[in-house]
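Have a look at the structure below, then the notes.
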Amino acid sequence: MRIHHLNCGSLRTIAPLGRTSAAPAAGAGGRELAAVCHCLLIETDTDGPVLVDTGLGTADLREPDRALGADWVAYAQPALDPAQSALRQVVRLGYAPQDVRHIVLTHLHRDHTGGLADFPHARVHVHPDEYRAVTDPAATHHRHSLDGFMPAHRAHGPLLTPAGADRRETWFGFPGVARPQGLSFELLLVPLPGHSAGHAGVAVRDDDGRWLLHAGDAYMYHGELEDTPPLDHPVLDPVQRGAQTDATARTATRDRLRDLVRDHADEVTVFSAHDPWEYARLTAPIAPTALSGWGR
């Protein structure tokens with residue numbers, strides 16, 4: 001299994017704050033960087049390529065104001081580069097769009113669902129709480145949730161599928177873990193509530209046994225986890241506050257992620273959807289190491 005980190009949509013340029021580890025580790029220093037739509041493509045032997053989030057899709061790039069909303073476009077300032085679409089990147093990696101049979105989403109907001117229409121045949125897995133929020137008119141936050149799931153991203157009738165949840169199952173102490181049906185490798189939807197009604201992180205174990213946790217929009221800037229006190233970004237924080245369904249739950253989720261990073265950094269790598277310094281760190285080339293006995 002191979003895991004690719006993809007930027008499926010560059011957004012407005014932001015400046016780093018404070019003195020945290022993410023930027024130096026990425027070699028980005030104190031440079032301003034464009035915010036990203038951080039997605040994963042997981043190459044598997046049995047389930048084909050599996051996408052985690054989809055960023056901005058090709059239709060978003062052709063008609064951004066219609067598909068994404070003019071106000072969002074004005075604030076987010078997307079680059080609108082077709083080469084960054086998940087569709088183009090999947091093809092560059094040697095796959096046909098039809099090869100993507102499974103998509104796993106952290107939640108159903110526009111900068112995570114834009115690519116769904118580019119893979120209309122794929123089954124789209126979400127946490128059951130997120131599924132209920134957009135499909136059940138009686139659900140708490142139904143109208144808010146449906147408004148966040150853009151009409152242009154659901155007009156084709158995506159194959160939304162609630163993952164199977166066992167309320168007793170935990171992951172590093174996080175309760176309510178759900179497992180997408182039909183996947184033969186270990187991938188979990190871990191509830192990270194607050195940002196949306198059923199917001200979840202996506203946890204996947206690599207071949208070395210180490211966990212990656214795509215935390216979606218549970219936080220938006222590495223300073224929220226690495227600085228004390230937590231450091232919000234002034235460009236990203238208004239987006240968070242405007243989207244969240246439960247501020248208290250979101251803060252509690254952030255604090256639990258801080259504990260996870262503090263106590264299990266040797267077992268889990270946590271990253272968010274839009275922090276460009278985290279993305280740079282995770283996509284930086286690995287420096288070669290000296291070979292013992294070279295030249296002998």
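Just so you know, residue 1 is the first one in the sequence shown, and it goes up from there.
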Indicate, with yes or no, if [Y] and [X] share a hydrophobic cluster defined by side-chain heavy-atom contacts under 4.5 Å among Ile, Leu, Val, Met, Phe, Trp and Tyr.
X: Val124; Y: Val202; answer: no
X: Val52; Y: Met1; answer: yes
X: Leu159; Y: Leu187; answer: no
X: Val50; Y: Val90; answer: no
X: Leu87; Y: Leu105; answer: yes

Taking the side chain as everything from C-beta on, heavy atoms only, tell me whether [X] gets closer than 4.5 Å to [Y].
X: Thr13; Y: Leu33; answer: no
X: Asp232; Y: Glu224; answer: yes
X: Leu213; Y: Leu260; answer: yes
X: Leu6; Y: Thr283; answer: no
X: Leu212; Y: His5; answer: yes
X: Leu116; Y: Arg154; answer: no
X: Arg258; Y: Thr228; answer: yes
X: Val73; Y: Gln77; answer: no

Polar side-chain atom of [X] near backbone of [Y] as donor-acceptor pair, under 3.5 Å:
X: Arg110; Y: Gly55; answer: no
X: Asp227; Y: Pro230; answer: no
X: His142; Y: Asp136; answer: yes
X: Arg12; Y: Pro78; answer: no
X: His233; Y: His222; answer: no
X: Tyr221; Y: Leu17; answer: yes
X: Arg123; Y: Val104; answer: no
X: Asp53; Y: Cys37; answer: no
X: His141; Y: Leu146; answer: no

Would you say the side chains of [X] and [Y] form a donor-acceptor pair under 3.5 Å?
X: Thr58; Y: Arg88; answer: no
X: Glu43; Y: Tyr95; answer: yes
X: His264; Y: Asp259; answer: no
X: His109; Y: Asp217; answer: no
X: His127; Y: Glu130; answer: no
X: Ser272; Y: Glu278; answer: yes
X: Thr245; Y: Ser196; answer: no

Exercise for the section: For atom CZ of Arg168, decide whether the heavy atoms of other residues, nucleotides or ligands shown that lie under 6.0 angstrom number more than 12. Expected result: no
What's the spacing between [X] [atom1] and [Y] [atom2] if we round to 0.5 Å?
X: Phe119; Y: His156; atom1: CZ; atom2: NE2; value: 10.5 Å
X: Cys39; Y: Asn7; atom1: SG; atom2: CG; value: 8.0 Å
X: Thr106; Y: His112; atom1: OG1; atom2: NE2; value: 5.0 Å
X: Cys8; Y: Gln89; atom1: SG; atom2: CD; value: 4.5 Å
X: Leu80; Y: Asp60; atom1: CG; atom2: CG; value: 9.0 Å
X: Leu51; Y: Leu41; atom1: CG; atom2: CG; value: 5.0 Å

Practice task
Check step by step if side chain to side chain contact (heavy atoms under 4.5 Å, CB included) holds for Tyr219 and Val270.
Solution key: CA-CA 11 Å; Tyr219 71 99; Val270 180; 3.9 Å; yes
Practice task
Look at the rings of His199 and His107 and say which category their plane angle falls in: under 30° parallel, 30 to 60° tilted, over 60° perpendicular.
Solution key: tilted
Handout entry: salt bridge (charged side-chain N to carboxylate O under 4.0 Å, His left out) against Glu169, all qualifying residues, sequence neighbours excluded
Key = Arg179
Shortest non-hydrogen contact between [X] and [Y], atoms and distance:
X: Tyr131; Y: Leu160; result: CE1-O, 3.7 Å
X: Leu257; Y: Ala218; result: CD1-CB, 3.8 Å
X: Asp129; Y: Ala197; result: CB-O, 4.0 Å
X: Gly176; Y: Pro191; result: O-CG, 3.1 Å
X: Val100; Y: His121; result: O-NE2, 3.0 Å
X: Leu11; Y: Val36; result: CD1-O, 4.2 Å

Problem - Sub-6.0 Å ring centroid separation between Phe271 and His38 - result: yes
Charged N to carboxylate O below 4.0 Å: is that the case for [X] and [Y]?
X: Arg281; Y: Glu226; result: yes
X: Glu186; Y: Arg205; result: yes
X: Asp208; Y: Arg210; result: no
X: Asp246; Y: Arg250; result: no

Problem - Tyr75 and Val239: CA distance, side-chain angles, deciding distance, side chain to side chain contact (heavy atoms under 4.5 Å, CB included) verdict - result: CA-CA 9 Å; Tyr75 190 82; Val239 178; 3.6 Å; yes
Exercise for the section: Kindly indicate, with the supporting measurements, whether the criterion side chain to side chain contact (heavy atoms under 4.5 Å, CB included) is fulfilled by Arg254 and Leu225. Expected result: CA-CA 7 Å; Arg254 180 205 64 195; Leu225 301 192; 4.2 Å; yes
Exercise for the section: Kindly determine whether Thr161 and Gln181 satisfy side-chain hydrogen bond (donor to acceptor under 3.5 Å, both in side chains), including the steps that lead there. Expected result: CA-CA 8 Å; Thr161 306; Gln181 304 302 301; over 6 Å; no
Practice task
Determine, for Phe174 and Arg256, whether the Lys NZ or Arg CZ falls below 6.0 Å from the six-membered ring centre while staying within 45 degrees of the axis.
Solution key: yes
Handout entry: Trace of the side chain to side chain contact (heavy atoms under 4.5 Å, CB included) decision for Arg2 with His4
Key = CA-CA 7 Å; Arg2 185 177 182 187; His4 301 270; 3.5 Å; yes
